[in-house]
Amino acid sequence: MNNNSTMDFIYIKGNNLNQFIEQNLSLIIKEWGHTGGKNKFFQSSKATPSSLQESFESLLLIIGKDMPGIEEHELIQWAQEIGRKRAKTDFPIHYSLELFTEFRHIFWQTLKHYLYHSKNDISADEVFEWERYYNNAIDMVIFHFASDYVAQKNELIKYQRITVDELSVPMIPITDEASVLTIIGTLDHARSSKIMDQTFHHVNQLKIKHLIMDLTAANFIDRMVVHELLKLIQGLKLLGCDTIVTGIKPDVAKLMVQQGMDITERINSKSTIKQAIESLHFLQTEEKKEGTRNRFHTGRKIRNKG
């Protein structure tokens, strides 16, 4: 705050620091707006200038109490609530930390005005005591804010990972005993392990005997992931499920050959899902049976009608 604004502040004799802040809140907010706190960062996230101002005002009134009047539980509750809220709205943490720096500056300027108007002469020792007291309070807010911000972010990331994992193993049934598994995206060790676990679960739960595994849209990181794919196929065999792999890319096939993998007897592969389905002769047999039944019922209805 500049010196020209000092005379604009209202002070009633006997008022404490908190009352002084309440009476001059509009001036303090105006100065905060001039520093950029109101409009500087909100465009990068869902946070709005009004929400930032509201949180600024509430923190100012919680901390702005005569020593030792600050309630620690209020500070922690505010910090935790705002930390979780900022994380949920994807407000960058480094912007929040810069806002806390601005808050500290504005608070000390406000305290300076309060001491000036109240004619409160304090010693050097008292100044240092005030500095430790209020800066420790602000530091406590920053610590709990950052802790809950990070914790909330981790929860959101964990939830997103679970959601992605659930969607990353799309098992599409084509008959009661046959399904198609389409693997999309980059395959690293963590994701291949998750696919293995969920595929084993689906195959065992649905009693699938034939699985078409399509790799057309899959990207392999290294040879270890290829080995894990082979383990998956072997594991499915132990569960009584035959696997046909489709869409193997040239680079993956080259990798297998370069590593000396004997895959001719370990993998039943086809170029496309269509070819794989056609190779499952029992499907064609079922289709023929279904067509025969349909013709039989149709013919019987015609004869009955006549």
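Throughout, numbering of the chain's residues begins at 1 and tracks the sequence.
- Here the side chains of H144 and L75 are not in contact, with every heavy-atom distance at 4.5 Å or above.
- Side-chain rings of Y149 and F91 stay apart, their centers remaining 6.0 Å or farther from each other.
- Contact check for E278 versus T272: no side-chain heavy atoms found under the 4.5 Å cut-off.
- In this structure the side chain of Q19 never reaches within 4.5 angstrom of the side chain of I12, judged on heavy atoms.
- Remark: side-chain polar atoms of N24 are not paired, donor with acceptor, to backbone N or O of L27 under 3.5 angstrom.
- No side-chain N or O of D214 forms a donor-acceptor pair with one of T182 less than 3.5 Å apart.
- V226 and M224 end up in different hydrophobic clusters when Ile, Leu, Val, Met, Phe, Trp and Tyr side chains are linked at under 4.5 Å.
- Using a distance-only test at 3.5 Å, with no hydrogens or angles considered, no donor-acceptor pair links the side chain of E131 to the main chain of V127.
- Taking the six-membered ring where the residue is Trp, the centroids of F100 and F145 are separated by under 6.0 Å.
- More than 12 heavy atoms of other shown residues, nucleotides or ligands fall within 6.0 angstrom of atom NZ in K153.
- A side-chain donor-acceptor contact under 3.5 Å links N136 to the backbone of R132.
- Judged by distance alone, with hydrogens and angles left aside, the side-chain atoms of D242 form no donor-acceptor pair with the main-chain N or O of H210 at under 3.5 Å.
- With N268 contributing its side chain and T243 its backbone, the two residues share no donor-acceptor pair below 3.5 Å.
- Between F9 and H117, the angle of the ring planes lies from 30° to 60°, which puts this pair in the tilted group.
- In this structure, the side chain of K249 engages the main chain of A218 through a donor-acceptor pair within 3.5 Å.
- Side chain of S279 to backbone of A276: a donor-acceptor contact under 3.5 angstrom is found.
- Cluster membership for I195 and L239, using ILVMFWY side-chain heavy atoms within less than 4.5 angstrom, is shared.
- Put simply, the side chain of W32 reaches to within 4.5 Å of the side chain of L52, judged on heavy atoms.
- Counting heavy atoms from C-beta on, the side chains of I212 and L181 never come closer than 4.5 Å.
- T199 is listed as a side-chain neighbour of M171, based on a closest heavy-atom distance under 4.5 Å.
- Following chains of ILVMFWY side-chain contacts shorter than 4.5 Å, one can reach I273 starting from I174, so the two form part of one hydrophobic cluster.
- At least one side-chain heavy atom of S55 sits under 4.5 Å from a side-chain heavy atom of R86.
- L17 and M67 fall within the same hydrophobic cluster, defined by Ile, Leu, Val, Met, Phe, Trp and Tyr side-chain heavy atoms under 4.5 Å apart, directly or through other members.
- Within the structure, side-chain hydrogen bond (donor to acceptor under 3.5 Å, both in side chains) contacts touching residues 56-66 (residues at least two apart or in different chains) are Q53-E57, S58-W78, K65-E74.
- A donor-acceptor pair is defined here as one N or O able to donate and one able to accept, closer than 3.5 Å; no such pair exists between the side chain of E31 and the backbone of I28.
- By the rule that hydrophobic residues join a cluster once side-chain heavy atoms approach within less than 4.5 Å of another member, L59 and Y133 end up as members of one cluster.
- Within the 4.5 Å cutoff, side-chain heavy atoms of L60 are placed close to those of I21.
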